[in-house]
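The structure appears right after this line, and notes come after that.
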Amino acid sequence: MSASAEGLCLFNTLTRRKEKFTPLEEGKVGMYTCGPTVYDFAHIGNFRAFLFEDLLKRWLEYRGYKVTHVMNLTDVDDKTIRGSQKQGVPLGEFTKLYAEAFFEDIKALNVKPATVYPRATEHIPEMVNLVKTLMAKGYAYTAQDGSIYFAISKFPAYGQLSHINVQELKAGARVKTDEYAKEEAQDFALWKAWTPEDGDVYWKTDLGKGRPGWHIECSAMSMRYLGETFDIHCGGIDNMFPHHENEIAQSEAATGKKFVRYWLHNEHLQVEGKKMAKKLGNYYTLRDLLQKGYDPIAIRYLLLSTHYRQQFNFTFEGLEAAKGAVERLRNCVRRLQDADGEGGGQVAELLRGVQTGFGGAMDDDLNISVALGALFDFVREVNNLLDSGEVSRSEAEATGRFMADLDQVLGVIGKVEAEALPEGAEKLIAEREEARKAKDWATADALRIKLKEMGVVVEDTAHGVRWRLEQK
Ligand code: AMP
Ligand code: ZN
């Protein structure tokens with residue numbers, strides 16, 4: 001696919017600008033994406049984030065980069081502890097169920113696996129070391145309850161990502177919960193001293209008996225696998241504050257180096273104008289939709305097909321339209337499989353056009369809606385040429401190769417099987433052939449009508465009789 005003149009540009013939340021993407025190391029990309037908190041089945045809003053990240057990774061790979069993708073699993077935090085206690089099962093058993101469900105779900109959605117999926121509970125020593133460094137450097141202190149906090153007043157760059165006004169912050173005021181609003185920006189917990197509410201969830205470490213805060217988990221795990229400075233960090237826009245702001249503060253204070261070069265945030269999937277969220281109760285899990293009979297690939301298409309920085313509303317009409325779009329792509333590929341027309345030389349030009357259109361749009365901060373627009377224009381033109389028998393075998397093969405190539409990025413077409421005729425249709429087609437040979441046109445026409453009623457369209461071409469299933 002031809003690259004645009006500028007090459008790949010990505011919108012960096014840190015600068016609020018589209019920037020030309022140049023990785024730290026030529027040809028390689030280190031990418032960290034905040035993974036699921038495994039306290040419940042993920043909802044399709046979460047999957048919007050994971051699918052945007054999948055598209056980004058696939059596009060980087062398409063452009064020739066070798067991507068090291070790290071996605072953590074948050075398997076200890078306020079929500080997982082509360083959830084396990086509510087169900088009365090040990091934390092590990094509780095999170096295992098949802099971690100397994102997550103892997104099943106991303107497989108169904110054809111998400112390419114990350115290079116590594118670190119679990120927070122398996123990286124406590126890295127977190128402890130990071131907190132110890134912060135204490136040694138004077139960025140962290142122990143409060144009366146034994147918990148350790150990050151002193152935001154010691155880190156003048158605090159607020160650089162979320163653009164909060166640090167002047168208004170109350171120095172020394174503390175917040176211990178993992179999630180809080182911008183207005184509550186305060187010193188946040190790096191290490192939470194054990195309290196009876198934590199039950200049997202604690203680690204005995206040099207920092208005392210307790211557990212890590214959520215934010216330190218992602219700093220420790222990302223730097224463990226990608227180094228102190230890496231290329232790309234993604235997450236939903238709700239994670240920008242406090243989670244990512246705090247990640248920057250902890251990491252940069254500890255290392256003295258830039259933490260992340262490009263921050264990318266996806267906007268929310270909404271329901272009737274509100275963020276789809278567990279706490280609002282306005283959500284569908286992937287499982288809910290699969291139970292209703294929806295195809296996971298149609299869901300993948302729906303969640304991918306709006307530009308990641310645009311909010312969009314989930315609707316069932318949208319899901320039906322997504323199903324139709326996937327079918328249109330598959331039908332085109334199917335028709336190409338047995339195209340054997342005259343070939344008028346127009347396909348090469350169409351291919352050049354779509355490669356420029358699709359590639360240029362994707363290089364422009366993954367502008368998928370424009371890219372898909374170019375693709376569907378192309379499909380329409382190719383279908384027209386197929387209708388008039390103007391696609392030769394070699395042109396069909398070149399187009400098929402292009403579609404397969406493109407599907408490395410979209411992941412929605414898959415392997416398209418040749419269509420099977422409905423029962424009895426083959427016999428009717430043969431009878432119609434006999435009737436035509438005998439010049440019994442009335443019988444041949446009657447059989448054609450009968451086949452059409454079965455959804456089979458027969459066409460008499462210069463190369464013999466062809467059939468196809470009518471598009472729904
Ligand atoms: P969580 O499991 O809550 O940590 O969230 C996993 C990912 O989903 C994070 O990147 C969130 O920012 C993202 N996310 C949560 N809700 C939505 C939503 N409605 N639309 C898009 N992304 C979301
Ligand atoms: Zn994170």
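Everything numeric here is computed off the predicted structure, so don't read it as measured data. Whatever order the structure lists them in is the order used to number ligands and atoms, beginning at 1. Quick note: numbers below take in every heavy atom, side chains included, and nothing from hydrogens, waters or symmetry partners.
Arg334 and Asn331 are linked by a side-chain donor-acceptor pair at a separation below 3.5 angstrom, with hydrogens and angles left out of the test. For Tyr32 and Asn72, the side-chain atoms include at least one donor-acceptor pair closer than 3.5 Å. In this model, a donor atom of one side chain and an acceptor atom of the other lie less than 3.5 Å apart for Ser219 and Ser251.
Screening Phe241, Phe188, Trp214 for a ring pair (Phe, Tyr, Trp, His ring centres under 6.0 Å) involving Tyr180 leaves a single residue, Phe241.
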Report each N/O pair between ligand 1 and the protein that falls under 3.5 Å, naming both atoms.
| residue | atom | partner | partner atom | Å |
| --- | --- | --- | --- | --- |
| ligand 1 | 2 (O) | Thr37 | N | 3.0 |
| ligand 1 | 4 (O) | Thr37 | OG1 | 3.0 |
| ligand 1 | 5 (O) | Asn46 | ND2 | 3.3 |
| ligand 1 | 8 (O) | Asn46 | ND2 | 3.1 |
| ligand 1 | 10 (O) | Gly236 | N | 2.9 |
| ligand 1 | 12 (O) | Gly236 | N | 3.1 |
| ligand 1 | 12 (O) | Asp238 | OD1 | 2.5 |
| ligand 1 | 12 (O) | Asp238 | OD2 | 3.3 |
| ligand 1 | 19 (N) | Leu269 | O | 3.1 |
| ligand 1 | 19 (N) | Met276 | O | 2.8 |
| ligand 1 | 20 (N) | Gly45 | O | 3.4 |
| ligand 1 | 20 (N) | Leu269 | N | 2.8 |
| ligand 1 | 22 (N) | Gly45 | O | 3.0 |
| ligand 1 | 22 (N) | Asn266 | ND2 | 3.3 |

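His243 lies close to the Zn ion (ligand 2), since one of its N, O or S atoms is found at a distance under 2.8 Å. Taking 2.8 Å as the criterion, His215 does not count as a coordinating residue of the Zn ion (ligand 2), since none of its N, O or S atoms falls below it.
Looking at Lys66 and Glu25, no side-chain N of the basic residue comes within less than 4.0 Å of a carboxylate O on the acidic one, giving no salt bridge.
Listed for the Arg261 side chain is a donor-acceptor partner under 3.5 Å among the backbone atoms of Thr22.
Tyr141 does not carry Lys154 over the face of its six-membered ring by the limits of under 6.0 Å from the centre and within 45° of the normal.
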